[in-house]
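What follows is a single structure, written as structure tokens, with notes after it.
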Amino acid sequence: MAQIFDRSSNGLARMSLVLTGLIVIALGVTLDQLQRSPWVTRQGQRAEQPVPFSHKHHVAGLGLQCQYCHTTVEDSSYAGIPPTRTCMNCHAQIWTDAQILEPVRQSWATGQSIPWIRVHDLPDFAYFNHEIHVNKGIGCATCHGRVDEMPLMYAQNTLQMEWCLNCHRNPAKNLRPTSEIYNMAWEKPSEDRPVWCSVKQEQEGIPTAQSVDCTTTDPTQSGPQVAMFQAAAEPGASSEPGVLGEAAPVPVPIPASYQKFTSQDQLGHFLLKAYKIRNPRDLTSCEVCHR
Amino acid sequence: MPPREGIYGLLAEFDTPSDLVRAAQKSYQDGWRRLDCYTPYPVEEAAEAIGFHRNKVPLITLIGGLMGLTAMFLLETWISTLAYPINAAGRPTYSWPAFVVPAYEWTILWAGLSACYGMFALCGLPEPYHPLFNAPNFRTGATDDKFFLCLEALDPKFDLMETRAFLETLEPVSIVEVEY
Amino acid sequence: MATSELKPGNPEYERRIDPATGEFRVIEQGQTFKSVTAKISDIVLTPHTPMGWFAFFAVGGAGATMLMVALVWLFLKGVGIWAITQPVAWGFAIINFVWWIGIGHAGTLISAILLLFKQGWRNAINRFAEAMTIFAVICAGLFPLIHVGRPWLGYWLFPLPFTMTVWPQFRSPLLWDVFAVSTYATISVVFWYMGMVPDFGTLRDRAKHPLVQWFYGLLSLGWRGSVRHWARYETAALLLSGLATPLVLSVHTVISFDFAVAVLPGWHTTIYPPYFVAGAIYSGFAMVLSLAIPLRKFYHLESLVTERHIDNMGKLMLTTGFIVAYGYGMEAFMAWYSADHWEAFTFWNRAFGPMGWSYWLLLTCNLFIPLTTLWSRKLRVNMTYMFILSIIVNTGMWFERFVIIVTSLYRDFLPSAWGTYRGTKWDYMTFFGTVGLFLALFMLFVRFAPMIPMNEIKLMLPGAKIKPKEAAAGDGR
Amino acid sequence: MSSLMDKPESTTSNTMGSGVDQFENNPQAAVAAQDSGPDSRQNSRLEPVQEPMQEPMTLVQVREKLKNAKGKRYWRSVDELADTPEFQAAVEREFPASAQEWVDPVSRRGFMKLMGASMALAGLAGCTKQPEETIYPYVKAPEDLILGRPNYFASAHPFVTGAIPTLVKADSYRPIKVDGNPEHTYNQGSSDVFTQGTLLDLYDPDRSQKVLYDGENREYQEFAQALQDAVSASKDGTGIYFLSATITSPTLARQWSEVQKAYPRAKLVQYDPAAVGTALTGATWTQYALSGADVIVSLDADFLSGATYPGFHKLVRDYAERRKTPDNLNRVYAVESSTTTTGMKAEHRLGLRASEIPAFAAALAAAVGVAGVSAPSYAWTGEQQNFLAALAKDLKANAGKSAVIPGLYQDASVTALAAAINQALGNVGKTVLITQSINPLPSDQIADMKALAADLNAGKVDWLVMLNSNPIYNAPADLEFATAFNKAKVTAHLGLHVDETGQISNWHIPAAHMLESWSDARSYDGTISIVQPLIDPLYGGKSAHQILQLLLNEPLLSPYDAVRETQKANIKGDFETGWRKALHDGWIADTALPATASAAAFNGKVPTPSSKDAIEIIFRPDPNIYDGRFSNVGWLQELPKPVISLCWDNAAIISGATLTKLGVEEEDIVELTVNGRKVKAPVVVSPGHPDNSVTVYLGYGRSYAGRVGSGAGFNAYLIRASDAPFYETGSIRKVDGKWGVAITKSHYQDHRSKLFGGQGNGNNSLEADEALGERAIIRYATLDQYKADPGFANEGFDREKTNMSTSLFPNWTYTEANAWGMSIDMASCTGCNACIVSCYAENNIAVVGKQQVRIGRDMQWIRIDTYFEGDLAAPRAHFQPMTCQQCENAPCEEVCPVGATVHSPEGLNVMVYNRCVGTRYCSNNCPYKVRRFNFLLFSDYETESLKLMRNPDVTVRSRGVMEKCSYCIQRIQAVKIDADKDNRAIKDGEIITACQQACPTRAITFGNLNDKNSKVAKLRANERSYQLLADLNTRPRTTYVAAVINPNSELEETPVEYAPVKG
């Protein structure tokens, strides 16, 4: 009786077993990478917008304040997308016949919205709230990246749950003085870039943002330019009851006991207390983001 | 490895397990070590006869089982106490009694798999090609009702004529040379 | 036919009865290595499939198709097409799941536990019992997947690194199920396949057609019956049965935890683990009988699967049946003895509530009929009776799960939340669909794999005895 | 958006005390959790009314549009495209016949659902990409809008029983919640099922959307022209008839009086099927101040169950205030012909057949010594005599401290007698106050209706203009209105729907919803509230004001100006400031009506009761859909009616004895016959219903209500005659067939012997015996028992409190943060259901439909458990609001394999919908069975108008997901964020749950248990507080305050013995 299989088949048989194992592993790794890949998250992708609006030009170039357009970022969950009128404030005078602005003028004329493509798009079951973040020392750039360096807007981060938890589990590493919220160029303190902070007697009903003030220039020399927190100063920034009530007292810059910080870790933990940030157990509880 | 040339060994065929066992005992006493018996069902006496007493399968199984146990229990503990500690039903995050069950199952799973794969690995299976299949009478009987004793060429005592003569003394039904 | 008709002296008697014990022989006289090989492997290797096979396969196939239809609709519309509701949020799906898993148990029990107890008679039936186990587990495993509201998220039950960084909740018995059932399925398959490797070798060597040779050649992994291999093989088999035994006990224990861990009166009881395991084995043997009796007739295997097997299984059913009965008794007793109002009411409601009929049906099928009749050896070896009984018991066991799940749920703590339950056509289609699937798979197995382990049978033949030289002359093979 | 945005009147309620108005908002919250459809917020801007109509596109263009869309994108395009007016125009032109199925979202919907499902399957959720979403920003943003924060507008819900002042929550100017006005003295923030339901009524996708003339589209101007021509042609208004629902608006009344001046022969007929012939249409108006009443007698008055009774909110609140503490309990006697929560809550209830009640009233009057009234000779049973005697005695003992309240749907003599008794007892001026009617144009509606029918038949009617009325459906049967109707030369119908009348009228004009138009109305005490619109009319609807105005000299004067015109008279001081204050506060200060008129004198006529074995048929407006006007409001259709827990249908409600007497079973169909008029109805048994009488609810059997209301129930108007609108003797017989009804609570008779814990007699309800027995789910005591043993609620076997040391595990502590908890007062709750509807609106709960409810799949997060204690022939009911108990050791959490329901640090049992895979194990393991599962795709993702309505702070749950009460976690989170922002603690009462907000009896209290001074903490410390199923050690955060009742010792029946189980 003859052999059914050729000599080589022994090798093949064992090889195929090994290969199967490898393929399974490879598949697993691929899927794991895929779920985090820009293909899924749209991270870093520049959407086809009706108007190629450049944050770089408007922020870095013209030095527009974030809130000039995103007006409600401090008072509402929703930062706000500027109405066409905001564009027309300037573009009624300048670039009045630029081709790329046609959609804007269209919108202004017809009363139809400019249909922007949503770049930072959370799932509908995730409830993100801008006001609390900016009021508690999370800067725009922390999530949105260096918008002032983005000719076309794209998502700097994945906005996936693991990314959110990353900070909710340890907010200290991203906290900054609320005076620096809109500072795109803000960098973590270091030996050569220290930060000085002081807490004035913080009292019930006065937003923590106001009882803390920080400066990047040594307050011991030259009177500190104390950075002010916009929301509090603006009268009627929020028309809601309870919120600050009548406009809160504008703190006077007294060179109080300033503390010097040379590392994000120190600063973070200081602000953690100063801003009364809830502990990670609270911040990672489901109802914080899902309702 | 390059395919070897020449003779694999001499294959003696027997009708009854008893004959085979006796033949095997004789060969072993005669000093043969590179030899093997082939039977349609497990004949422990034959294995004993050619001096195959214990194997490593139990050890492999034990190791596998322990790995399964520790792997799952650690995973559970890490997940529930470190990765995302959550208050579920007011139970402690480290609810070890609950962790026992999956750990227990994985112990069995890994042990079982190691037992099976270990066994095949030790046997060098899969091995669809084997010189013995060249023997004309092997496949007709070895898995049916015939009993074979094979003295292999690799054994220092092996010499075609002498070995054949030696086998004759065991009163086999037949003797055939097996080519590689 | 019953033993009484066999008089000592007549060849029939000699062939089938063991003079030593007067019991039926495990293997009828006159079987040789060759005859065994031929009988079993020819069923597989014969080129012409019997018409009957096609008939059964067609029935099974039809059922499987019906299952597919039901599943497609289920995925399109949602589990709402079933009767499940508030408060009975688990229905047929879980009933079927527990029922199928239970059936699976007998296979493992026969191949593992009886092996440990050195019950030689198991050899003839363990192979297809194991096959039964695997197909039953396949049918069972289907249900946990399809019964969830969002099946496409089922993979969340496994501890994998998703971007949510959220993990399974290990206190949930459902999660324990995931591990128990998957382990059970894997080990059963491994055990089953390993057992078949040598027999695949036999098939390889007997096959005529090169393709068939090649096919079984692959499956046999090149098995050549070296006694060294046999030795390791035996050890592995022994170890596996040693592992499968605690496994099979744990699986239904874990499934009973699904209920025992819950707070629901009628579920929250410590008797469940033993009671479930016994019930599982009980129904399992019933299913083995429902398969074995037609098979031995159809393929003329009476010489290998003898009355002895049926008889023994009958006895085992009697035993497990009584353990189950003890379980039922305990429930009633505790309802009274615990003086716990919840228990008392639940028991009253099971027996006398609007769904009391199911409770009495289950008692009839599981206790009254079998436990009274199985005492009689006459009936135990009466194939027709045993076949019908096996069907009855399986029905009864299905209703046991119905009673446990539905009648505990539909009236629980808050009377205001009481409801009721009646299965929809989709429920029935899914259930009978899995029965069809099971049948189809089993027919495939019968056709393409050796349904009786040849090597283990041969081991028991007189020819396998090792005798000193002188006696050796002319021993019958 | 709403034209409001640039009107100064729109005011955020920043001076209002309540904290409920601080919400954050997620721009896309209202979209599917699973497969996200188009964004709701943006759609809200793209209402058809705003869309400038463009050239209809050709089908070629359509194909163009779809060409480069593939897969899911493709289907979404079809959906979006199909909603554009151009497309609809195109389709209508190409193939008019099949236009509907393309344009009608409903028929598209079924298909889209399947698509959605298969999509979900196709992409294994986790790995699917979200579809690209578009942002439609404003072109010119309104000044006072902060996207993501709601605005609040004070308004009122005009209703025939008196307007309910409301505070409406608007998200970017879409009204998304209607609640009571917390500052208004009348309802103090509470509301009722109707008021809550008006929200869905506004967004009802079946509202009429086009002006129609004989079925063809027309412009409103054409109608206006036609009407004006006709009127001016008629010179003095001859042949011009207006048929209106009862006029509640002073402005409308003023406009009518001006019309009368201009056209003296024009006629106005008011007709409200639920008000006809009742005190509501009379010249006088009786108010009750129950806070001062120790003894309250209801003569068939259902003043505790809903806004069907005038002053409900105040009456029930005053009633409940006197129940909360045992030291100052009032006592209620109810004599009633049907089963209502009033009777069920009453200490003593006497079920009488409707026609016996006038006699009983007379007898009572005589007994308390009302001059000139003699007790009619009637064979009262012994029980009835005892009741009468004891009642009279008690009343006399409490002269001046009691109130006798007559039923609306009773013979006029009852009202008069009640007034007489109050007079005699000196209650008037103390607990009873009589003013002139708050409805500006009282009239004898029956007579007017008869006259109108006559004029129609006489062919005198040239123009019949119907304002928000539907006579074809609900006119008295004996008037044969449909035939008379056709004799009118021109008929015009103003209505929210193209209803039965709209169908056959020449003209149909879509009406503006009360949330879309300006008006005014008086509440219970006569205080005027301004009804101000929250949003531009979605479908260009018109209000009655505009119609009447057409006849006046400045025909285009807007309702806004008309209302200002009227109120100039009422607003003191500088008008503009007064007006703005009125709009802001929600009412015009001191416009309450003075106690002038005295009650209509009793004319001595008391109708004699019908013979005891004659069958009486009682007509009542439906507690949920009233006279049928709310037929198409799914929330109200699915709402279990008080006491009988029936939904989606009305029925012939009879007593158990009558059931046996007739030899029928529940769900059998019977034929009710009154004076030869017949109607078929399913039978439903109500415990305690008087024998030989049948209660039928009006408002069902609509044929053109819409997708929800059409075909539900039977039309009781068909047997309701003008001369007997309340009750009439008739006959009842079984006919073939069954009609399955949806009843949400089972009630089995308890046939168990004492051995098995039953009562031996089969008279009790099994559920109640269990609940009041060892399960100790309902715990209450009589005043005497309470005095003897104040701790009764937590004493004795099976009533022990949670023992914190029983657990094997170390206890989780919730001391550092807030620990939310709820307390529910069993004494106060009257089961009026307002909480349920409020929850619907707040939490985007889906309506599932009758068939699903029948098999037990209703999705209500809060339900009112009803237990009937004692003999089902004369039970006492206990109402128990049941919702997630937020157990600290939650059984549901332990068994969830994916951790979709877990515990928050504040002790809440949070449910994460998007993590749920739907094993339903949690529901099985929930002892309270308060979890709700989306067995099918219950939420509607396609209907655009409903998307506008959704609360953007709450995820819309998709198929296969478990959901449950969350203590309104979205409100908690909103307040927490604001508090953190301001660096302050959360004030007690700052967070109000939706159910608490709606509750007229303040039975529900929510707050922080760690704050020892919070209301809820105090209540929890109350000796009468108990936890449900505490013996399971679930440690619920919700506790119940056991009721103490105040029975009259002379009438006290022997309390039921609950024998413990003897195994």
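Order of the sequence lines sets the chain letters (A, B, ...), proteins ahead of strands, with each chain counted from 1.
Using modelled atom types, one side-chain atom of Asn983(D) and one backbone atom of Ile206(A) make a donor-acceptor pair closer than 3.5 Å. Between the side chain of Tyr127(A) and the backbone N or O of Val954(D), at least one donor-acceptor pair lies under 3.5 Å. With hydrogens and angles ignored, the 3.5 Å screen pairs a side-chain donor or acceptor of Ser76(A) with a backbone N or O of Leu147(D).
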In sequence, state the C-alpha distance, the side-chain angles, and the governing distance for Cys286(A) and Val902(D), and then conclude on side chain to side chain contact (heavy atoms under 4.5 Å, CB included). CA-CA 8 Å; Cys286(A) 307; Val902(D) 298; 3.4 Å; yes
For the pair Ile977(D) and Glu131(A), evaluate side chain to side chain contact (heavy atoms under 4.5 Å, CB included) and give the outcome as yes or no after the intermediate values. CA-CA 8 Å; Ile977(D) 283 179; Glu131(A) 63 178 318; 4.1 Å; yes
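Between chain A and the residues Glu906(D), His903(D), Lys976(D), the most heavy-atom pairs under 4.5 angstrom are made by Lys976(D). Highest contact tally toward chain D, considering only Met88(A), Lys136(A), Glu204(A), is held by Glu204(A) [criterion: heavy-atom pairs under 4.5 Å]. When the candidates Thr208(A), Val288(A), Thr284(A), Thr71(A) are compared by the number of heavy-atom contacts under 4.5 Å with chain D, Thr208(A) comes out ahead.
Between the OG1 atom in Thr72(A) and the CD1 atom in Ile146(D) there is a gap of 7.0 Å [rounded to 0.5 Å]. Distance check, rounded to the nearest 0.5 Å: CZ of Phe125(A) to OG of Ser958(D) gives 11.0 Å. Atom CD1 in Ile114(A) sits 13.0 Å away from atom OG1 in Thr134(D) (nearest 0.5 Å). Note that CD of Gln973(D) is 12.5 Å distant from OG of Ser77(A), once rounded to the nearest 0.5 Å. Summarising the geometry, atom CH2 belonging to Trp108(A) is positioned 4.5 Å from atom NZ belonging to Lys140(D); distances are rounded to the nearest 0.5 Å.
In this structure, chain A has heavy atoms under 4.5 Å from both the backbone and the side chain of Ser904(D).
Proximity of Asn914(D) to His290(A): side-chain heavy atoms (C-beta onward) are separated by under 4.5 Å at one or more points. Side-chain atoms of Thr84(A) and Pro137(D), non-hydrogen and from C-beta on, never get closer than 4.5 Å to each other. Residues Tyr138(D) and Ser113(A) have side chains not in contact (no heavy-atom distance under 4.5 Å, counting atoms from C-beta outward). Looking only at side-chain heavy atoms (C-beta outward), Val139(D) and Pro83(A) stay at 4.5 Å or farther from each other.
Salt bridge Arg278(A)/Asp980(D): present, at least one basic N to carboxylate O contact under 4.0 Å. Remark: Glu816(D) engages Arg281(A) in a salt bridge, criterion side-chain N to carboxylate O under 4.0 Å. With salt bridges taken as basic N to acidic carboxylate O contacts below 4.0 Å, none links Arg118(A) and Glu132(D).
Every residue two or more places apart in sequence or in another chain was checked for a side-chain hydrogen bond (donor to acceptor under 3.5 Å, both in side chains) with Lys273(A), and none qualifies. Under the side-chain hydrogen bond (donor to acceptor under 3.5 Å, both in side chains) criterion, Thr86(A) pairs with no residue at all, not counting sequence neighbours.
Nearest heavy atom pair, residue Glu287(A) against residue Pro905(D), reads OE2-CD, 4.5 Å. Between Lys981(D) and Ile132(A), the shortest heavy-atom distance links the atoms N-CD1, 4.1 Å. Annotation for Arg291(A) and Gln970(D): closest pair CD-CA, 3.9 Å, computed over non-hydrogen atoms.
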